Amino acid sequence: MESRSSEPIPRIAVVGSGPAGCYATQRIVKELPEAEVTVLDRLPVPYGLVRYGVAPDHQGTKAVTRQFDRLFTDGSVVFLGNVRLGEDLELSELQELFDVVVLAIGRAVDAVLDLPDSALDGVYGAGRLTRLVNGHPDEAGLRPELGTAAVVIGHGNVAIDVVRMLIKTTRDWDGSDIDDEVHAGLVRSLRRIELVGRSRVGEAKFDPVLVRELGRIDGVRFRVHGMPGDPTLRDDPRYAAVEALGRIAPVSPRITVDIRFGLAPRSLVDAAGRVDGVIFEDEHGRIERIAADSVITAIGFDRPDYLELLSGADPDRGELAPGLFAAGWFLRGARGTIPENRIGSHRIAAAIVEQLRSGRIPIGRPGRAALPAAVLGRAVGFADWRRIDEAELAARTPGRVRRKFRTVEELLAAIEEDVPRPERERAGR
Amino acid sequence: MRVLVLYGTESGNAEFVANDVAKRLSADHDVEVLDLTDLEPSRLDPAALHLVICSTYGDGELPYGAQPFYERLESTVLDLTGIRFALFGLGDTAYPETFIGGALALAEKLTELGAEHVADHASHNASGDADASEAAIEWCTGLPQLALAPAQTGA
């Protein structure tokens, strides 16, 4: 679209194509249809946690990407994947080229237990495992050994997702895009899972809907510990959901899940460099030792870099510095569902639009066309992503909706492959 | 036909579908899209057909975007007799017990106040294969109230 006369248009770079970045983009283009918006991602594929965080069996939740697709297919927003902030491009360069930069870069690193010996073999972050079963290139080489007994530490939705992923068998994954080979390796010997957290059931952060979902899987025995018969809890849906699990009597259980409340991890048991169990302490100081071959921590996410930019940031409007904004988990910490990020990102976008309209942010930087040739050369566009998408869909096996490519090399190669014409036309340009 | 497309959203999916529905219908009808978040019950129009597009969250609950409208309905003194609507619920059979529960609660409240649903409640399953916007368009263009009038005037 030609701009009217030679009047400059706002040129905006959004770094990160997960929900936070896409919702911000959505609101910006709605308010400023003339703006040039470029969405960058370090991976060749868009959508961040929707693709790699939402569990493979929650395809309905992933459908939010249909909204985001429209941003790119309508032609106004350009996707540049395979462009890594800090490697292919520095933040300062982006700030030079664009009137506004929005950092929606997330927090992908699993928080670690603040314990001695938390670096033992057999200790895994829940985020890493989720990425692994979702086929994330960063985890392509990871082959966790969970053994026969795994302790999952945490009482949030991520912990419940992990438990569900570990107790499901092949048949239970119908309609998903699970990496079957990886999953089989994870659960091969698993017979017992301990789900342990420091919170009491009335403080637990998990969504009871996810707990109820566990009860729909056949062949699992649930045992509940540390949940008092407190009558005031009867109306708490979390209590009800967990209590209902305890009443399930499977005919021939193949796996047992022990659910424990009110236990804080104090140390890991070290057997020649490999974890052998976890020592917990309850609120009365009583010690409980739980044997395990592996430990999975689901205690939050963080990131090692760019956090210094956040000092003094307004968590509502996301402004870090003139023309520099943050959104999503990067801004507010790793809390917040997809819909919560919609609200946050729309608010930040509104702040950006207001500053552009008022002139508080000047307009006139060169934008996307001035990106270095090396960046534009390596960048994967949205149409390229659609080719990858079609190839993954075409490669699906029975009972699976797609088969994801596991490495960046495979993803890039899929762009070049000859895809039959009808699929290419549907993918669009 | 005057059509008010009302949406109750939380992730933006219902809004997205509502806008696609409106775009399709606006070729043949006088269409307006309204977010339930800010909608007053007094804006409901006996001369219009109301297409209610609503998702479901949590424990079969209304989405964040529909809750204010529901609360206004609970405290309104209005009689909604003469208000015609049709419901399209967005749900996910991954959560079967509460499938479109939120949308149904909204429809029930409207009916309780006297509104009339002119068709069976329709739904879309996010875990299915159909595209939600396509399904919604197919549904509403099939409603007899929205059938094309013969020899419509051109642009």
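The chains referred to below are lettered A, B, ... by the order of the sequence lines, with proteins before strands, and numbering in each begins at 1. No experiment lies behind these values; they were computed from the predicted model shown.
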Other residues, nucleotides and ligands only: do more than 12 of their heavy atoms fall within 6.0 Å of [atom1] on [X]?
X: B:Arg24; atom1: CZ; answer: no
X: B:Asp79; atom1: CG; answer: yes
X: B:Lys109; atom1: NZ; answer: yes
X: A:Arg171; atom1: CZ; answer: no
X: B:Glu138; atom1: CD; answer: no
X: A:Arg403; atom1: CZ; answer: no
X: A:Asp74; atom1: CG; answer: yes
X: B:Glu108; atom1: CD; answer: no

Intermediate values then yes/no, side-chain contact (heavy atoms from CB on, under 4.5 Å), B:Glu97 and A:Arg216:
CA-CA 11 Å; B:Glu97 319 100 10; A:Arg216 292 203 290 274; 2.7 Å; yes
Within a strict 4.5 Å, meaning less than it, do heavy atoms of the [X] and [Y] side chains meet?
X: A:Gln26; Y: B:Glu15; result: no
X: A:Arg70; Y: B:Asp20; result: yes
X: B:Tyr95; Y: A:Leu210; result: yes
X: A:Ile343; Y: B:Tyr64; result: yes

Identify the two heavy atoms, one from [X] and one from [Y], that lie closest to each other, and give their separation to 0.1 Å.
X: A:Gly60; Y: B:Ser127; answer: N-OG, 3.9 Å
X: A:Val64; Y: B:Asn13; answer: CA-OD1, 3.6 Å
X: B:Gly58; Y: A:Val209; answer: O-CG2, 3.3 Å

Atom group of A:Arg342 that falls short of 4.5 Å from chain B, counting heavy atoms
side chain
Can you tell which of B:Gly65, B:Ser133, B:Pro96, B:Ala94 has the highest number of heavy-atom pairs within less than 4.5 Å of chain A?
B:Pro96
Output the option from A:Glu213, A:Lys62, A:Arg212 having the highest count of non-hydrogen pairs under 4.5 Å with chain B.
A:Arg212
Ranking A:Gln59, A:Arg66, A:His58 by heavy-atom pairs under 4.5 Å to chain B gives rank one to A:Arg66
Gap between atom OG of B:Ser11 and atom CG of A:Asn341 - 0.5 Å precision:
12.0 Å
If you measure from CD1 on A:Ile338 to CD on B:Glu10, what distance do you get to the nearest 0.5 Å?
11.0 Å
Under 4.5 Å from any heavy atom of chain A - which part of B:Asp92:
side chain
